[in-house]
Amino acid sequence: MGYGPHRLGCDRRQVGKVGAWLVPVDFLQSQNVSVQGAYSIGQPIKIDHPIVDRAAVQDVECRQPHGKKVPTIAEQSPPQSVTTDEPLLRTALRRSASALKADGVAFALGGGYALWVAGGPEPSHDVDLVVAETDVETAVNSLEAAGLRVERPPEDWLFKAYCDAEESAEPAEEPALVDVLHRLGGVPVTHSLLDTAREYEVLGVRIPVLPPTPIMIAKLQSLSEHYCDFAALLLVVRAVREQLDWAEIRKATQDNPFAEAFLFLIERLGILTAL
């Protein structure tokens with residue numbers, strides 16, 4: 001409220017002098033509305049929002065009917081992203097799995113993405129594929145022929161394949177990593193283990209997926225003084241606990257004190273009532 005000229009009656013052209021003037025402000029939810037200083041007669045108030053017509057109880061002074069359309073400030077939604085490109089890691093999964101499948105190489109999806117299929121969180125670091133130790137060279141040739149860049153690290157239980165982004169991609173992405181494992185927890189992968197995989201449709205491709213139990217065993221067996229991240233494991237266990245064979249997990253990891261500590265922790269947290 002302030003002091004100044006005021007428009008009277010239904011004829012908006014009539015201007016009289018009164019002791020106070022009112023600035024109409026339409027209060028909306030989730031809007032911050034500020035009132036600027038006094039304006040001269042006929043000078044519009046600047047509003048930096050789009051204006052729409054909305055029914056409201058207003059202009060009682062002019063005896064306008066309730067529900068008249070009056071200008072109000074429209075809520076603005078944040079701009080929506082226009083990109084529909086899938087993450088490069090998903091592209092790497094589809095390309096590598098499709099190549100191995102087309103070349104008849106026995107494999108299965110493992111690691112975080114296999115647990116994702118079972119209901120766990122989607123990984124963001126890499127894709128894990130599992131092949132028999134006797135099929136490593138065949139898998140290398142298959143992935144190289146599909147355009148993936150293969151590297152052999154010093155570790156003797158896996159090789160790495162990189163899926164590069166398209167040259168036209170803006171901005172340039174880091175290549176997506178596919179770890180191809182032929183040993184799990186130090187034990188060579190065999191065709192009998194791959195035979196336990198069940199086929200699912202993953203990202204539009206029918207892919208054999210390892211069950212959660214051997215994957216969780218491998219993750220617990222990898223815990224050591226140099227790597228002991230319980231936080232990531234807790235997320236997975238909460239999501240897929242009903243699908244895990246805990247008796248088998250305890251038996252397979254009984255010689256690892258870090259795995260034993262994790263099993264004790266999830267018992268105390270009530271994630272499992274008993275093991």
Side-chain angles (χ1 to χ4, degrees), residues 87-97 99-101 103 105-117 120-165 173-197 207-233 235-236 249 252-262:
L88 186 57
L89 200 58
R90 290 190 177 192
T91 301
L93 192 163
R94 290 193 298 104
R95 285 184 59 185
S96 55
L100 295 176
K101 185 176 180 179
D103 292 337
V105 181
F107 77 100
L109 182 63
Y113 264 109
L115 295 172
W116 176 62
V117 173
E122 182 173 5
S124 58
H125 177 61
D126 59 15
V127 176
D128 289 338
L129 298 179
V130 181
V131 299
E133 194 163 54
T134 55
D135 295 335
V136 170
E137 295 305 320
T138 306
V140 167
N141 295 335
S142 175
L143 295 180
E144 285 182 331
L148 280 77
R149 177 166 46 89
V150 172
E151 290 185 3
R152 305 207 184 218
E155 296 85 358
D156 62 354
W157 47 273
L158 84 167
F159 68 86
K160 297 178 179 289
Y162 293 91
C163 177
D164 295 310
E173 290 186 75
E174 291 292 325
L177 172 62
V178 180
D179 281 337
V180 184
L181 302 96
H182 49 88
R183 291 191 182 189
L184 294 177
V187 179
V189 175
T190 62
H191 285 278
S192 60
L193 174 62
L194 297 178
D195 289 340
T196 65
I207 299 175
V209 180
L210 284 180
T213 296
I215 297 172
M216 185 57 61
I217 289 173
K219 286 183 175 293
L220 291 177
Q221 288 177 333
S222 70
L223 296 175
S224 67
E225 294 178 355
H226 304 290
Y227 178 79
C228 190
D229 184 4
F230 285 179
L233 288 174
L235 290 175
V236 174
I249 290 173
T253 61
Q254 60 185 346
D255 295 329
N256 185 320
F258 298 96
E260 185 179 16
F262 179 76

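As the structure is a prediction and not an experimental result, all values here were calculated from the model.
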Novice: Out of curiosity, L184 CG to L193 CG, how far, rounded to the nearest 0.5 Å?
Specialist: 6.5 Å
Novice: Between F107 and I207, is the side-chain contact (heavy atoms from CB on, under 4.5 Å) condition met? List the steps.
Specialist: CA-CA 9 Å; F107 77 100; I207 299 175; 3.9 Å; yes
Novice: So which atom in R95 and which in D164 form the shortest heavy-atom distance, rounded to 0.1 Å?
Specialist: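 Taking every non-hydrogen atom into account, NH1-O, 4.2 Å.
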Novice: Any heavy-atom pair between the side chains of Y162 and V178 that's under 4.5 Å?
Specialist: no
Novice: Can you confirm whether L233 sits close enough to L223 that some side-chain heavy atom of one is under 4.5 Å from a side-chain heavy atom of the other?
Specialist: yes
Novice: How close do P188 and E133 get, heavy atom to heavy atom, and via which atoms?
Specialist: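 The pair with the smallest heavy-atom distance is CB-OE1, 3.3 Å.
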Novice: Compare every heavy atom of D179 with every heavy atom of D126, then report the nearest pair and how far apart it is.
Specialist: OD2-OD2, 3.0 Å
Novice: If you round to the nearest 0.5 Å, how far is CG of L115 from CD1 of I215?
Specialist: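 Answer for the CD1-CG pair, I215 versus L115, is 4.5 Å.
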Novice: Does the side chain of L181 come within less than 4.5 Å of L129's, by heavy atoms?
Specialist: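 The answer is no; the side chains never approach within 4.5 Å.
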Novice: If you take all heavy atoms of S96 and L148, which pair is closest and at what distance?
Specialist: CB-CD2, 4.1 Å
Novice: Just wondering, do P208 and L194 contact through their side chains at under 4.5 Å, heavy atoms?
Specialist: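 L194 does not reach P208 side chain to side chain.
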Novice: I need the Q221 CD to D255 CG distance, nearest 0.5 Å.
Specialist: 9.0 Å
Novice: Tabulate below the donor-acceptor pairs under 3.5 Å that side-chain atoms of residues 135-143 make, not counting sequence neighbours, or state none.
Specialist:
from, atom 1, to, atom 2, distance (Å)
D135, OD2, H191, NE2, 3.2
E137, OE1, R152, NH2, 2.9
E137, OE2, R152, NH1, 3.1
E137, OE2, R152, NH2, 3.2
N141, ND2, E137, O, 3.3
S142, OG, A99, O, 3.2
S142, OG, D103, OD2, 2.5

Novice: Of all the heavy-atom pairs spanning P123 and L89, show the shortest one and how long it is.
Specialist: O-CD2, 3.8 Å
Novice: If you round to the nearest 0.5 Å, how far is CG of L93 from CG of D128?
Specialist: 10.0 Å
Novice: Any idea which heavy atoms bring R90 and Y113 closest together, and the distance?
Specialist: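 Scanning both residues, the minimum pair turns out to be CG-OH, 3.8 Å.
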Novice: If you round to the nearest 0.5 Å, how far is CZ of F262 from CG of D229?
Specialist: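 Between D229 CG and F262 CZ, I get 10.0 Å after rounding to 0.5 Å.
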Novice: Which value, rounded to the nearest 0.5 Å, describes the distance between M216 atom CE and T213 atom OG1?
Specialist: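 Reported value, rounded in 0.5 Å steps: 8.5 Å.
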